[in-house]
Amino acid sequence: MLLVDKNGMPLYFPALYVTVVVRGGSRAANTIRNTLSAIKVLYDWQVDYKVDIESSFACGELLEAYQIHAIRDYMQRSLDGDVQAEKKVISITSHKYKPKVVSTKVQYARLTVVAEYLGFLAVQLQQGSEETKKHIQAMVSTLKACRPKISNKSQQDRDEMHLDDELLNRLDKALKPGCKDNPVKSYEVQIRNALMIAILRVTGMRRGELLNLKVEDVDFSANKLSVVRRPDAKGDLRSYQPVVKTRERTIPVDPLLADRIHDYVLKYRSKVPGAKKHGYLFVTHKAGPSCGRPLSLAGFAKFMREIKSLGPEFGDVHAHALRHAWNYVFSKQLDEKGVTPEREQQVRSYLMGWNPTSDTAATYNKRHIKEEAAKAVLGLQDRYLNKGEKV
C-alpha cells in the first residue's frame with residue numbers, strides 16, 4: 001500500500017514511515033491504509049498553504065504555532081473517497097473535499113498519525129542533538145494537544161442493548177435451514193449462515209476472526225478450533241482482508257458443532273466452484289465472478305442486514321453484540337461454579353485473545369457486574385424497608 005505523487009511515483013518518507021514504524025510494528029492492513037489517508041490530508045494541506053514541510057525540517061525549522069493550528073483545522077475536512085478501502089495506492093492528486101467535516105474520532109485519529117509522522121520526519125531530516133530532540137518532541141506534543149476531546153460518556157451503555165437467550169434462540173429458529181421464515185432462499189447458504197451464527201454465539205470471536213478461519217484451523221479429531229493471525233495473506237483475494245486483531249488461541253468446540261462444520265465442508269463448500277483454490281472456511285455460494293471466493297466483509301454485512309429484515313427485535317443483532325452476549329453467559333456460568341474474579345479474568349482473556357493483564361474484560365463483563373450490583377443494593381434496601389433493620 002503506497003502514497004504516490006501526481007506522476008504515480010511513491011513518496012519516499014511516507015513509504016519509509018509505513019515500512020519502518022507501522023508495518024514494522026505488525027499493524028494490520030487497515031491501520032496502514034488509515035495512516036496513509038491521514039498523511040495524504042497533510043500533503044493536501046501543504047499544497048493549499050504552499051508549505052514544504054520536508055524542506056523546512058531539512059533547514060532546521062519546525063512548525064510554527066499558527067501552522068499547527070491550521071493543520072488542526074484542516075484535519076476536520078471530509079475527504080471525498082477518504083477511506084479508499086479497495087485501493088492499494090492512494091494518490092495525493094485527488095483533492096476533492098466535501099463541505100461537511102469528519103467526526104471528532106476521525107479528526108483525533110488523523111492528528112495522532114500526523115503528529116507521529118511529523119515527529120518521525122523531523123528526526124530523519126534534522127541533526128539528532130538532545131536540544132533538537134526536545135524541540136521535536138514539543139512540536140509533537142503540541143499537535144497531539146490540539147486533538148479534539150472525545151467524550152467517554154455514551155448515550156446508552158452498549159451492555160444495555162444486550163441480546164438475551166430468548167431472542168437468540170428465536171434467531172436460531174428463524175435461520176434454521178429449511179425454515180419458511182429464513183430470509184435466504186438458497187439452502188446451502190442457509191447452512192453456511194446458520195453455522196456462522198452458531199460459531200459466533202458459542203465462541204465469542206470477532207467478525208474478522210470468523211471470516212479468517214480456514215478449514216485447516218478446525219481439528220475434527222480433537223474438536224478444537226484455532227484462531228490464527230494471517231496479516232496480508234497472499235492467498236486471500238479479498239481487497240479488504242478480515243484480520244485477527246487479538247492473540248492467537250485454540251478454542252475447544254462441542255462435537256456437535258464440529259460435525260456441523262464438517263458437514264458444511266464436505267457436502268456444500270466442496271461443491272462450490274473455485275472454493276478449493278484457497279483454504280478459507282466460509283465462501284461465496286452465489287454464481288458469478290466471486291463464486292467460491294472467501295466470504296467478504298461486505299458479504300457478511302449483507303447477511304446481517306438480512307437478519308434485521310426478520311423484524312425490529314433483531315435490529316441490534318451484529319457480530320459484536322454476539323460477542324457481548326457470549327461474555328455475559330460466560331460470567332454467569334463461572335459465577336455458578338464459584339470461580340474467583342482473578343481466575344475468571346485469566347480464562348476470559350485467553351478465550352477472547354487479550355493480554356492476560358488487559359482491562360478489556362471489564363468492558364464485556366459490565367452487564368453482569370451491573371446486575372450483581374443491582375442485586376446487592378436491592379438487598380440492602382430490603383433489609384431497611386421490609387424488616388426495619390438499620391443498614
Side-chain angles (χ1 to χ4, degrees), residues 1-5 11-58 61-85 87 90-126 132-154 245:
M1 210 168 298
L2 298 169
L3 186 64
V4 300
D5 62 17
L11 296 172
Y12 176 76
F13 284 109
L16 180 65
Y17 178 74
V18 164
T19 302
V20 174
V21 178
V22 186
R23 193 175 182 84
S26 300
R27 308 304 295 273
N30 296 344
T31 303
I32 296 174
R33 183 181 294 106
N34 292 335
T35 297
L36 289 175
S37 292
I39 295 175
K40 169 184 165 50
V41 180
L42 175 67
Y43 272 81
D44 288 341
W45 173 82
Q46 293 184 79
V47 172
D48 278 3
Y49 281 75
K50 297 179 174 57
V51 175
D52 187 338
I53 293 178
E54 292 177 13
S55 296
S56 297
F57 283 3
E61 301 173 2
L62 295 177
L63 293 176
E64 300 286 347
Y66 75 91
Q67 292 176 316
I68 291 176
H69 294 154
I71 290 174
R72 174 200 62 195
D73 295 339
Y74 204 88
M75 290 296 144
Q76 299 180 44
R77 298 192 182 190
S78 181
L79 173 61
D80 196 9
D82 194 24
V83 176
Q84 304 189 62
K87 296 185 178 181
I90 300 175
S91 173
I92 64 171
T93 57
S94 62
H95 186 54
K96 295 180 180 179
Y97 287 88
K98 301 176 183 178
K100 64 180 182 180
V101 297
V102 297
S103 67
T104 54
K105 288 185 178 180
V106 173
Q107 186 188 1
Y108 185 98
R110 283 180 176 177
L111 281 168
T112 300
V113 170
V114 166
E116 293 174 353
Y117 170 71
L118 289 175
F120 170 85
L121 183 63
V123 169
Q124 301 299 311
L125 295 173
Q126 296 192 6
T132 299
K133 289 179 180 178
K134 288 181 181 179
H135 289 313
I136 293 173
Q137 187 55 50
M139 179 188 69
V140 172
S141 298
T142 303
L143 275 163
K144 288 185 175 181
C146 289
R147 294 176 297 187
K149 292 183 178 180
I150 300 178
S151 175
N152 58 4
K153 296 180 179 179
S154 59
K245 296 182 178 180

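Scope of the values below: all heavy atoms of this structure, side chains included, with no hydrogens, waters or symmetry mates. Remember, predicted model here, so these are calculated numbers, not experimental data.
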Side-chain donor or acceptor of Gln107 paired with backbone N/O of Arg72 under 3.5 Å: yes

Audit row: Arg77, Val41, side-chain contact (heavy atoms from CB on, under 4.5 Å) steps and yes/no: CA-CA 9 Å; Arg77 298 192 182 190; Val41 180; 5.9 Å; no

- request: If the plane angle is over 60° it's perpendicular, under 30° parallel, otherwise tilted; pick one for Tyr49 and Tyr74.
  value: perpendicular

task: Quickly, which of Val113, Leu3, Leu2 forms a side-chain contact (heavy atoms from CB on, under 4.5 Å) with Leu36? Name it, please.
output: Leu3

statement: Residues Val140 and Gly119: closest non-hydrogen pair is CG2-CA, 3.5 Å

- line: Heavy-atom closest pair (Phe120 atom, Phe13 atom, distance to 0.1 Å) is CE2-O, 4.3 Å

query: So which heavy atom on Ala115 is nearest to which on Lys144, and how close?
result: CB-CG, 3.7 Å

query: What distance do Ile53 atom CD1 and Glu61 atom CD have between them, rounded to the nearest 0.5 Å?
result: 12.0 Å

query: Has Tyr108 got more than 12 heavy atoms of other residues, nucleotides or ligands less than 6.0 Å from its OH?
result: no

- prompt: Passes side-chain contact (heavy atoms from CB on, under 4.5 Å), Met75 versus Leu143? Steps please.
  reply: CA-CA 11 Å; Met75 290 296 144; Leu143 275 163; over 6 Å; no

message: Please give me the minimum heavy-atom distance between Leu111 and Pro148, naming the atom from each residue.
response: CD1-CD, 4.2 Å

- prompt: Could you walk me through whether Ile136 and Phe57 pass the side-chain contact (heavy atoms from CB on, under 4.5 Å) check?
  reply: CA-CA 10 Å; Ile136 293 173; Phe57 283 3; over 6 Å; no

message: Once rounded to the nearest 0.5 Å, what's the spacing between atom CH2 of Trp45 and atom CD1 of Ile39?
response: 14.5 Å

- line: Smallest heavy-atom separation, Pro14 atom then Leu11 atom, equals CD-O, 3.5 Å

query: At their closest point, which heavy atom of Ser78 faces which heavy atom of Val102, and how far apart are they?
result: CA-CG1, 3.6 Å

Expected list for residues 62-70: side-chain donor-acceptor pairs under 3.5 angstrom, two or more places apart:
| residue | atom | partner | partner atom | Å |
| --- | --- | --- | --- | --- |
| Gln67 | OE1 | Glu64 | N | 2.8 |
| His69 | ND1 | Ala65 | O | 3.4 |

field: Thr112 OG1 to Arg110 CZ distance, which is reported to the nearest 0.5 Å
entry: 12.0 Å

message: Between Tyr17 and Thr35, is there a side-chain heavy-atom distance shorter than 4.5 Å?
response: yes

field: Test side-chain contact (heavy atoms from CB on, under 4.5 Å) applied to Leu118 and Leu42, step by step
entry: CA-CA 10 Å; Leu118 289 175; Leu42 175 67; 3.8 Å; yes

